Amino acid sequence: MIQVKKEGVILAKTLFVFENEGVLNPAAIREGNFVHLFYRAVSEGNHSSIGYCRLEGPLRVAHRNKKPLLIPEFDYECQGMEDPRIVKIEDLYYLTYTAYDGINALGCLAVSEDLVHFEKKGIIVPQISFAAFHKLAEKESPINEKYFRYNQHNSMLEKNPEQYLVWDKNVIFFPRKIKDKFYFLHRIKPEIQIVVGVAHLKDITAAFYKDYFNHFNDHVVLTSRFDHEISYIGGGCPPIETEQGWLLIYHGVKDGLDGYIYSACAALLDLENPQQEIARLPYPLFKPELNWELKGEVNNVCFPSGAVVFDDTLYIYYGAADERIACASVSFSGLANELILYKK
């Protein structure tokens, strides 16, 4: 079993209004000896924006903004911008996040050339009701019955059920094009799906997603297999390229006696065809064990969302109990070699 070191809490909430309820689930990207963190900052009333800090090395905070870097500007994100991830593809940074309007939570994209100024590109996941999704997705073959449990809304309890869409979160780009095309992960509960082979992002249209859903099971890249992820799974950190395959740190969820338990998990995907799972750890990479992971805004949460490599150490930044940001470290080559022991 691979050994993981809990490095401790990196960031906690402050008295600044934009982050006085919590900081969590950061995007991370390394530039030289610095790590840029773009994190979810929560203000009173559960309104989220994107905060920013810079680390010198993997652990020491060198600078932290006193105001949010990105704030809600449009109706689709009026209640908040949540859970960012970031990669650099060629000369452009791609920052994805979940936009919440008080009803729906949908994946969005913003791009930047300098990590300071971002241009919002809007929602890049399908905007579809569960009824329409279910009809299209089951056209060829039955889908996991859990999709109904996690996505069907009880219209008896809702005033305007037609406004409710399938929640599609955890949009995460691969950090390079594959065969000169974009690939990205996303998550409609309870599984992780993948969009492959997109030449231009403008090609992601309603018609694109209609065809996508007609072959929905072909696009499920990971589904629950082990006890610690038995309820559902979702995206974590952007994939990291290794000789063995794309290293994917994701989150797995188990319903326990005291509610859901969120753990960090690890898998390998094929380098040239990441729709193919190569291997997966049969145990959580790490799970809530310490007080600041067990107790918080939401108890029992380790939610990985950003990772960087220094020498041969992988540093994983994660939301701890939905209230603070922590870091765990593990041997980078050791983890890849451990995963190979559990080839699918």
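Since the structure is predicted, the reported quantities are computational estimates derived from the model, not experimental observations.
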Side-chain donor-acceptor pair present, [X], [Y], cut-off under 3.5 Å:
X    : Y    : value
Q244 : N337 : yes
S333 : D312 : yes
H228 : Y283 : no
E191 : T223 : yes
Y39  : E19  : yes

Looking at every non-hydrogen atom in both residues, tell me the closest pair between [X] and [Y] and how far apart they are.
X    : Y    : value
T96  : L109 : CG2-CD1, 3.9 Å
D168 : P126 : OD2-CD, 3.4 Å
C108 : I123 : SG-CG1, 3.6 Å
N25  : S305 : C-OG, 3.1 Å
E229 : C265 : OE1-SG, 4.2 Å
S49  : P68  : OG-CB, 3.4 Å

TODO: Let me know which of Y212, Y209, F184, F208 forms a ring-ring contact (aromatic ring centres under 6.0 Å, His included) with H219.
DONE: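 The ring-ring contact (aromatic ring centres under 6.0 Å, His included) with H219 is passed solely by Y212 among Y212, Y209, F184, F208.
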Open item on the list: Going by ring-ring contact (aromatic ring centres under 6.0 Å, His included), F130 matches just one of F148, W167, F213, Y164. Which one?
Closed with: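 The residue from F148, W167, F213, Y164 that satisfies ring-ring contact (aromatic ring centres under 6.0 Å, His included) with F130 turns out to be F148.
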Atom [atom1] of [X]: over 12 foreign heavy atoms under 6.0 Å:
X    : atom1 : result
E145 : CD    : no
D75  : CG    : no
E31  : CD    : yes
I143 : CD1   : yes
E289 : CD    : yes

Evaluate the side-chain proximity of [Y] to [X]: yes if any heavy-atom separation is below 4.5 Å, no if none is.
X    : Y    : result
V23  : R64  : yes
L55  : Y315 : no
L281 : F226 : no
L271 : E241 : yes
Y93  : L95  : no
Y262 : S231 : no
H215 : E140 : yes
T313 : K5   : no

Flag, side chain of [X] to backbone of [Y], donor-acceptor distance under 3.5 Å:
X    : Y    : value
R85  : G236 : yes
N151 : K189 : yes
N217 : P142 : yes
D91  : E113 : no
R30  : G32  : yes
R187 : I233 : yes
H251 : G234 : yes

- [ ] Could you point out which residue of I278, L268, L285 forms a side-chain contact (heavy atoms from CB on, under 4.5 Å) with L339?
- [x]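 Among the candidates, only L268 passes.
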Open item on the list: By the definition side-chain contact (heavy atoms from CB on, under 4.5 Å), identify the one residue from L165, I124, T98 that meets it with L106.
Closed with: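 Option passing the side-chain contact (heavy atoms from CB on, under 4.5 Å) with L106: L165.
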- [ ] Check each of R324, K6, K287 against E293 using the side-chain hydrogen bond (donor to acceptor under 3.5 Å, both in side chains) test, and report the only one that passes.
- [x]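 The residue from R324, K6, K287 that satisfies side-chain hydrogen bond (donor to acceptor under 3.5 Å, both in side chains) with E293 turns out to be K6.
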Task: Y97: which of E77, K169, K120 passes side-chain hydrogen bond (donor to acceptor under 3.5 Å, both in side chains) - done: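 Exactly one candidate clears the test, E77.
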Check this for me, if you would: do [X] and [Y] make a salt bridge, where the nitrogen-to-carboxylate-oxygen distance has to be below 4.0 angstrom?
X    : Y    : answer
K121 : E119 : yes
E56  : R54  : no
K13  : E297 : no

Going by the angle between their ring planes, with limits at 30° and 60°, are [X] and [Y] parallel, tilted or perpendicular?
X    : Y    : result
F182 : F173 : perpendicular
F133 : Y147 : tilted
F286 : Y318 : tilted

Rounded to the nearest 0.5 Å, what separation is found between the [atom1] atom of [X] and the [atom2] atom of [Y]?
X    : Y    : atom1 : atom2 : value
F332 : D311 : CZ    : CG    : 12.0 Å
L24  : S48  : CG    : OG    : 7.0 Å
D270 : E277 : CG    : CD    : 11.5 Å
C302 : L290 : SG    : CG    : 8.0 Å
E82  : N170 : CD    : CG    : 11.0 Å
R176 : Y183 : CZ    : OH    : 9.5 Å

Task: Trace of the side chain to side chain contact (heavy atoms under 4.5 Å, CB included) decision for H63 with F34 - done: CA-CA 11 Å; H63 171 79; F34 294 99; over 6 Å; no
- [ ] Tell me, please, which residues at least two apart from T205 pass side-chain hydrogen bond (donor to acceptor under 3.5 Å, both in side chains).
- [x]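 With neighbours one apart ignored, the set is empty.
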With hydrophobic residues grouped by side-chain heavy-atom distances under 4.5 Å, do [X] and [Y] end up in a single group?
X    : Y    : answer
W246 : I316 : no
I50  : V171 : yes
V308 : I89  : no
Y250 : I194 : yes
V61  : V9   : no

TODO: Kindly indicate, with the supporting measurements, whether the criterion side chain to side chain contact (heavy atoms under 4.5 Å, CB included) is fulfilled by L185 and L248.
DONE: CA-CA 11 Å; L185 303 168; L248 182 65; 3.7 Å; yes
- [ ] Apply side chain to side chain contact (heavy atoms under 4.5 Å, CB included) to H36 and Y52, showing your working.
- [x] CA-CA 7 Å; H36 302 275; Y52 169 81; 2.7 Å; yes
